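Heads up, the thing below is written out as structure tokens.
Below, chains carry the letters A, B, ... as their sequence lines are ordered, and counting in each starts from 1. None of these values were measured; they are calculated from a predicted model.
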Amino acid sequence: MNYRLLYFASLRDAAGCAGETVASNAQDARALYAELAARHGFAFAPERLRVAVNGAFTNWDRRLDDDDEVVFLPPVSGG
Amino acid sequence: MFKVTDKPIDAVRLQQELEGRGVGAVVCFEGRVRDHNDGRAVDGLSYQAYAELAEAEGTRIIEEARDKFAVEHIVCVHRIGDLALGDVAVWTGVSAGHRGAAFDACRYVIDEVKARVPIWKREHYVEGASEWLHP
């Protein structure tokens, strides 16, 4: 399946891009993050991140569908 | 209303959105870029946002505040991009019949925005380095 990833803050720096489309066999957000963390050297453990799919917060066990927009959100620091 | 903007925040214009005949109190909070953090000298900040989700989550926070406190209007705007010392990074304004609700709602909104809304700041240090803050 193809997933559309967006990256922000230090994850964007680590990935070297603001977003990418990834072909993957990962079925859920947890498996997809493990794959991308290995590829890009993401330092965050999943417990430190939140997950959003198609513009809404969701959980790590969320089943992914083809063409989903998936975002792994590092701890926020607005304000 | 919660918005993310890459333009300078115009507090005077935003205050006009707080007006109403039942308004007896207006409380505004400005978060500004200061010249230090955690003992390091800072000379600017850069903000990124996941704008779509930031506006959805910010709107949710404002709805929560409206449920909790007897307020008339709530406006919160967060700026993104590169900011200089003294620039307003986030502006929150609340109007209400009475000051208690206005103070409480303003505090609630800014605290929740800082904790929950997907916006990130990168500090630029006077000595040259810079880093994203991920508390």
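The hydrophobic clustering, which links ILVMFWY residues whose side-chain heavy atoms are closer than 4.5 Å, places B:Val71 and B:Val23 apart. The hydrophobic cluster containing B:Ile9 does not contain B:Phe29, counting ILVMFWY residues as joined when their side-chain heavy atoms lie under 4.5 angstrom apart, directly or transitively. Hydrophobic clustering (side-chain heavy atoms under 4.5 Å, transitive across Ile, Leu, Val, Met, Phe, Trp, Tyr) keeps B:Ile110 apart from B:Ile62. No continuous path of hydrophobic side-chain contacts links B:Ile80 to B:Val88 [ILVMFWY only; heavy atoms under 4.5 Å]. By the rule that hydrophobic residues join a cluster once side-chain heavy atoms approach within less than 4.5 Å of another member, B:Phe69 and B:Val26 end up as members of separate clusters.
Contacts of A:Phe44 with chain B are made by side-chain atoms alone, with heavy-atom separations under 4.5 Å and no backbone atom involved. Only the side chain of B:Trp132 comes within contact range of chain A, with heavy atoms under 4.5 Å apart. If you measure heavy-atom distances from B:Glu57 to chain A, the contacts under 4.5 Å come from the side chain alone. Residue B:Tyr47 touches chain A through its side chain alone, counting heavy-atom pairs closer than 4.5 Å.
The neighbour count for A:Asn25 CG, taken as heavy atoms of other residues, nucleotides or ligands under 6.0 Å away, does not exceed 12. By the 6.0 Å contact criterion, CZ on B:Arg99 is open, its count of non-hydrogen atoms from other residues, nucleotides or ligands being 12 or less. Around atom CZ of A:Phe57, more than 12 heavy atoms belonging to other residues, nucleotides or ligands sit under 6.0 Å away. Enclosure of atom CZ in B:Arg116 by more than 12 non-hydrogen atoms of other residues, nucleotides or ligands within 6.0 angstrom is indicated.
The stretch residues 67-79 of chain A places A:Glu69, A:Val71, A:Leu73, A:Pro74, A:Pro75, A:Val76, A:Ser77, A:Gly78, A:Gly79 near chain B, each with some heavy atom under 4.5 Å from a heavy atom of that chain. Within residues 1-15 of chain A, the residues approaching chain B closer than 4.5 Å by heavy atoms are, in numerical order, A:Leu6, A:Phe8, A:Ala9, A:Ser10, A:Arg12, A:Asp13.
Between chain A and the options B:Ala49, B:Ala89, B:Ala54, B:Ala56, heavy-atom pairs under 4.5 Å are most frequent for B:Ala49.
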